[in-house]
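Comments concern the structure below.
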Amino acid sequence: MKGENLIPLTNQFLYLSAQFNTHMERRTRVRFAPSPTGPLHMGGVRTALYNYLIAKKTGGDFILRIEDTDQNRFVPGAEEYIIESLRWSGIIPNEGVGFGDGPYAPYRQSERKAIYRQYAEQLVKDGNAYYAFDSAEELEHTRKLMEAEKSAFSYNGITRIKLKNSLTISPDEVAKRLTSNESYVIRLKVPLNEEIKVKDIIRGWVSVHTAEMDDKVLFKSDGMPTYHLANVVDDYLMKITHVIRGEEWLPSAPLHVLLYRFLGWENVMPEFAHLPLLLKPDGNGKLSKRDGDRLGFPVFPLNWKDPETGELSSGYREKGYFPQAFVNMLSLLGWHAGSNQELFTMDELIQEFSLDRVSKSGAKFDPEKTKWFNMQYLKLQTDDELTKLYLADIKERIKSGTLVFNEKENPNFHFLTSNTEYVKEIVRLIREKAHFVNEFWDLSSFFFIAPESYDPAVISKKWNENTKAFFIALRDNYAKTEALNAATTESIFKQTAEPTGIKSGELMHLFRVLMVGLAKGPDLIGMVVLLGKEEVVKRLTNAINKL
RNA sequence: GGCCCGUUCGUCUAGGGGUUAGGACAUCUCCCUUUCACGGAGGAAACGCGGGUUCGAUUCCCGCACGGGCUACCA
């Protein structure tokens, strides 16, 4: 964010365009490139979001590419999960797996398998890579041996001359091994004594000496490329202009720079931006699946059921979060608009977002603030929208059988729970008390189901012969009234209360408990009016008989 | 261990050579209210440490400490 990086991305881009013809007229193209090894983590959603925002801001393209080069780690359903997560979050790629093919299809690396080999072989031909025949077991053995001597093994410029590869074996022998069925990998030949510099939009220049780098495998013995090769090749082929990814990739960025150089693509190399990590709320370290289970908040956008263990991990969607709240919260984990604004629509995010305001340090995730965000979005909904959501929630509760009640005591239950107007009135009374729509039920179940018990703390303290007499009188007076509206409800209450000499606050409190069973809830008068004369009289009678 | 990255209230962060170091969540107090929330007002709360540079450093530089990431034929 300092020095040269002060120039905003877009300006920086224009600035570069003026200097290099190769950058001229390059349309912004970014990609989100997860591997389908499990459910998409919320940190992944944030990465996707930042990519999306940059694309939209610059009128460019946002691509979803599936990096499934590791056949061993494939998890069924993971790809669909990724697609569904992005869709729910409103982060919609305009090209890629699940979102329609663009001009660079296919977007699944396993389907691009044939493409990578030629580049790996080109690298070998140019002397920048070599065949290596050491088996995984042999290398593992060496690694263990050196570990025992408290040093680390690295396949690099020093060790490669002692290992089994095309640099140490005669060309004839190599040719023989290649044509026979012996398995081999292709490794990058990292130059001996060089400083590799990577320019990162967020961190500035990062440099690493080649002596610290190892000869990474580019092409595996199963015929698949590794991440490094596939990533660079695809980014080049798909004309990616900005690589925006998690910080865990920063250490391998110099390797990627080397690859661009050796492949002759340095002039169209994308710009890099390595995002700070999302950290667990307590202690330190990367936010992981375990933390959600342990601390009771979702780490994933959607529910996920592990196909092997059957273990269920909860998602923001199923917990009742609005996708907009989820995205808004995510946007602010590591980015700041520079103003005091915290609530952003997606359009506003597109407008305001820039990579040079992304912070460098990891952000501890705060589940509490996430709830606050959801409440803010709840407030933004209309009564009608919330009614619709509440109705759906009730239906779901009935369907799942989590809602139990006495059918005889509540003959109107099904009528009430499907009465849109009635439910809307309830929503008006309780909406301000909730952070989530799924809290509505607990805040208002008494509108559908008459109380069967009464808060004992209040009853034992305030229920006596005098108050009982009052409520009998009140019941009778209400029964005699035409209808209960706010005015009559209140005036009759007062008229009845006055002669008793009991504080009306006390009586109100008791009245509430007799109506709903609890010592808390929405406005009492509003509640009574909504329940209606008949129901109020019935509930009073019930209470008088029971207590 | 090695390499790389980072470090402002408990948390997310703003800021930046001279500021009463700002905001938000959480927390506390008060107000609103029959209650619970919501809302409003206010409070407590931070520049990791040591050296430089400078008239002056939280801000710039260097060390250290601490934290994190990477160190696979995983991404």
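In what follows, chains are A, B, ... by sequence order, proteins preceding strands, each numbered from 1. Since the model is a prediction, treat every value here as computed from it, not as a measurement.
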Contact class for [X] (heavy atom, under 4.0 Å): base, sugar-phosphate, or nothing?
X        : result
A:Leu524 : base
A:Gly521 : base
A:Ser361 : sugar-phosphate
A:Asp523 : base
A:Lys286 : sugar-phosphate
A:Pro522 : base
A:Gly334 : sugar-phosphate

task: For A:Glu247 and for A:Trp372, locate the closest nucleotide of RNA chain B by heavy-atom distance; then report the residue assigned to the nucleotide nearer the 5' terminus.
output: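 Closest to the 5' end, via its nearest nucleotide, is A:Glu247.
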
Length of the [atom1]-[atom2] vector between [X] and [N], whole Å:
X        : N     : atom1 : atom2 : value
A:Glu432 : B:G40 : CD    : C1'   : 13 Å
A:Leu229 : B:A72 : CG    : C1'   : 16 Å
A:Met146 : B:U71 : CE    : C1'   : 14 Å

Write down the distance separating the [atom1] atoms in [N] and [M], rounded off to the nearest Å.
N     : M     : atom1 : result
B:U13 : B:A46 : C1'   : 12 Å
B:G18 : B:C60 : C1'   : 15 Å
B:U7  : B:C64 : C1'   : 13 Å
B:U8  : B:U34 : C1'   : 45 Å
B:C25 : B:U33 : C1'   : 25 Å
B:G10 : B:G52 : P     : 29 Å
B:C47 : B:U11 : P     : 12 Å
B:A26 : B:C12 : P     : 15 Å

query: Hey, is NZ on A:Lys189 packed in by over 12 heavy atoms from elsewhere, all under 6.0 Å?
result: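 Atom NZ in A:Lys189 is not packed in, count stays at 12 or less.
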
- prompt: Would you say A:Lys360 reaches B:U8's phosphate, i.e. side-chain N/O to OP1/OP2 under 4.0 Å?
  reply: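 No, no such contact exists.
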
Mutual orientation of the aromatic rings belonging to A:Phe365 and A:Tyr316 [parallel < 30°, tilted 30-60°, perpendicular > 60°]: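 Because their plane-to-plane angle is over 60°, the rings of A:Phe365 and A:Tyr316 count as perpendicular.
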
- prompt: Among the nucleotides B:C12, B:U71, B:C5, which one has an atom lying closest to any side-chain atom of A:Ala363?
  reply: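 The answer is B:C12.
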
Nearest-neighbour nucleotide for the A:Met375 side chain, B:C25, B:C4, B:G39 considered: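 The answer is B:G39.
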
- request: Give the intermediate values and the outcome of side-chain hydrogen bond (donor to acceptor under 3.5 Å, both in side chains) for residues A:Asp70 and A:Tyr227.
  value: CA-CA 9 Å; A:Asp70 186 358; A:Tyr227 168 86; over 6 Å; no

